[in-house]
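Keep in mind that the numbers below use all heavy atoms, side chains included, and drop hydrogens, waters and symmetry copies.
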Amino acid sequence: MYDSILDFPSELTPVLKPRVCNTSDSLLQSSIYKPKKVQRKVNAREQANGRHKDTRKKKSRLKLLDLFQSPELLTEDLNQRLEKDKHEKDKTENTECSGTKRVSMDNISSTLNEVEDESDNLIGDFSKPYSLPVERGNHQDLKYITCDTLAHLLGGGYTDVVQTYSLVDCRYPYEYAGGHIRGAMNLYREDQISEYFLRSPSLSRGRRVVIFHCEFSSERAPKLCRILRNLDRKANLYPHLYYPELYLLKGGYKEFYEILKHLCEPQGYVKMVHKDFQEQLKKYQKKKKNMSGQRIRKELFKPLNSSKSFSPVTTQSVTLASCND
């Protein structure tokens, strides 16, 4: 009986009601609760949309600024444009100036070439042209005359332009003794050239001509001709010279003897390498090697010890001698 009474519910005992799930509540909860991955995607989309909106706003602002500039910015732009225009004008002027400079340099080079050509036809002091007809030879820096020109000079020609001339035979003494051109003097060493021409140089105002030759006028004569010119330059103030007119005999004594044997005395021709004069050749070549530039300069200040005295041949004396013959 007691147990049955307990089974009936009383007002004091709580009554547990069963929970019923409605569909509408589940949908609300599903809409409120979302997983983490989906939320991240949504957040990323929202941030992207916000960025696009911000950039659009910024672009519109920049455009408005471009349309409505302040007067200060306008003045700055004008100043910059003016500076650019000035810079471009300076560039064009510089290019035009460089073009004119190039043209002027071309003109200068052409004028220099013309001056060189003119100076090439003048004697050593650039005062006047050569008095004798000149030809080119193996040595481009020296002037040559032909055997016919020398024969005409020996016969009394060119008296209107040449007052005195000296004919220098640069061969060794045994060659000179075997046969030489009439009126030639034998100077084959450097000290002999310095002593004869520069110890007491002639100061006459007339045209003084010096003609060098050796056997072929290929080595010894050109060398002594250049030595005389160098010593003459050192003894004078540029461009003055004692002997401004120097020549080489084209073909040397060999060619002159073959063509004009009657103007040689004695009428003979001894070669430098003649078998009978080998010892003398060695002796002269050794002396030639021992000579130095210092000794040449010293010889200029020493007294003239040589007993022989050469004198330049004048064209007047040649004509008088030919008349007496």
Side-chain angles (χ1 to χ4, degrees), residues 118-137 139-171 176 180-188 190 192-214 217 220-233 235-236 239-253 255-256 259-260 263-265 309-322:
E118 291 178 357
S119 63
D120 192 42
N121 296 323
L122 299 176
I123 59 177
D125 59 358
F126 312 109
S127 61
K128 50 183 76 72
Y130 286 90
S131 59
L132 300 179
V134 176
E135 291 194 2
R136 289 286 182 181
H139 299 271
Q140 298 296 322
D141 59 324
L142 302 175
K143 302 298 180 183
Y144 289 78
I145 60 171
T146 61
C147 296
D148 293 332
T149 301
L150 179 57
H152 186 58
L153 183 65
L154 294 173
Y158 304 107
T159 55
D160 55 338
V161 290
V162 178
Q163 279 69 41
T164 60
Y165 68 90
S166 300
L167 183 59
V168 181
D169 192 338
C170 303
R171 298 179 299 162
Y176 179 82
H180 57 272
I181 300 171
R182 185 188 302 169
M185 53 185 172
N186 188 213
L187 303 175
Y188 63 96
E190 299 173 7
Q192 291 176 344
I193 295 292
S194 62
E195 286 176 359
Y196 176 73
F197 287 104
L198 297 174
R199 184 63 186 171
S200 57
S202 61
L203 300 175
S204 61
R205 294 182 180 180
R207 300 289 290 268
R208 299 180 298 275
V209 173
V210 183
I211 304 164
F212 291 83
H213 80 86
C214 55
S217 293
R220 290 176 285 180
K223 182 180 178 181
L224 292 177
C225 183
R226 291 191 183 100
I227 286 170
L228 177 58
R229 174 54 54 83
N230 292 332
L231 293 173
D232 200 356
R233 288 286 186 202
N236 289 281
H240 299 288
L241 292 168
Y242 294 127
Y243 306 96
E245 199 163 354
L246 305 180
Y247 297 96
L248 281 178
L249 177 61
K250 195 170 185 179
Y253 180 77
E255 185 173 338
F256 189 88
I259 300 171
L260 301 162
L263 294 177
C264 299
E265 51 185 25
S309 61
F310 297 103
S311 60
V313 180
T314 60
T315 54
Q316 294 178 356
S317 63
V318 172
T319 54
L320 290 171
S322 60

- prompt: Quick check: does any side chain N or O of D232 sit under 3.5 Å from a backbone N or O of Y242, one acting as donor and the other as acceptor?
  reply: yes
- line: Heavy-atom nearest pair, S217 first then G252, reads OG-CA, 3.3 Å
- prompt: Is the shortest distance from a Lys or Arg side-chain nitrogen in K223 or E190 to a carboxylate oxygen in the other one below 4.0 Å?
  reply: yes
task: Apply side chain to side chain contact (heavy atoms under 4.5 Å, CB included) to H240 and D125, showing your working.
output: CA-CA 5 Å; H240 299 288; D125 59 358; 5.7 Å; no
- line: Here the gap from Q192 atom CD to I227 atom CD1, rounded to the nearest 0.5 Å, amounts to 11.5 Å
Heavy-atom side-chain contact between I181 and L150 under 4.5 Å: yes
- prompt: Going from CG on L263 to CZ on F256, what distance comes out if it is rounded to the nearest 0.5 angstrom?
  reply: 4.5 Å
- prompt: Using 4.0 Å as the upper bound for N to carboxylate O, is an ion pair formed by K250 and D148?
  reply: no
Residues forming a ring-ring contact (aromatic ring centres under 6.0 Å, His included) with Y144, sequence neighbours excluded: none
- request: Report the residues that fulfil side-chain contact (heavy atoms from CB on, under 4.5 Å) with R229, sequence neighbours left out, ordered by chain and then residue number.
  value: R233, L241, L246
- prompt: Which of these passes side-chain contact (heavy atoms from CB on, under 4.5 Å) with L198: L231, I193, N236?
  reply: L231
Contact check, side chains of L167 and H213, non-hydrogen atoms, under 4.5 Å: yes
field: Spatial distance of atom OH (Y196) from atom CG (L228) [nearest 0.5 Å]
entry: 11.0 Å
message: As an exercise, state the distance from OH of Y247 to OG of S131, rounded to the nearest 0.5 Å.
response: 4.0 Å
Nearest-0.5 Å distance that lies between atom SG in C225 and atom CG in N230: 9.5 Å
message: Using modelled atom types and a 3.5 Å cut-off, is there a donor and acceptor pairing between side-chain atoms of R136 and backbone atoms of Q140?
response: yes
- prompt: Would a 4.5 Å heavy-atom cut-off, applied to side chains only, mark K128 and L122 as touching?
  reply: no
query: How many angstroms lie between atom OG of S166 and atom OH of Y243, to the nearest 0.5 angstrom?
result: 7.0 Å
query: With T149, which residues qualify under side-chain contact (heavy atoms from CB on, under 4.5 Å), at least two apart?
result: L132, P133, I145, T146, Y158
- prompt: Are I123 and R207 side-chain neighbours, meaning at least one heavy-atom pair lies under 4.5 Å?
  reply: yes
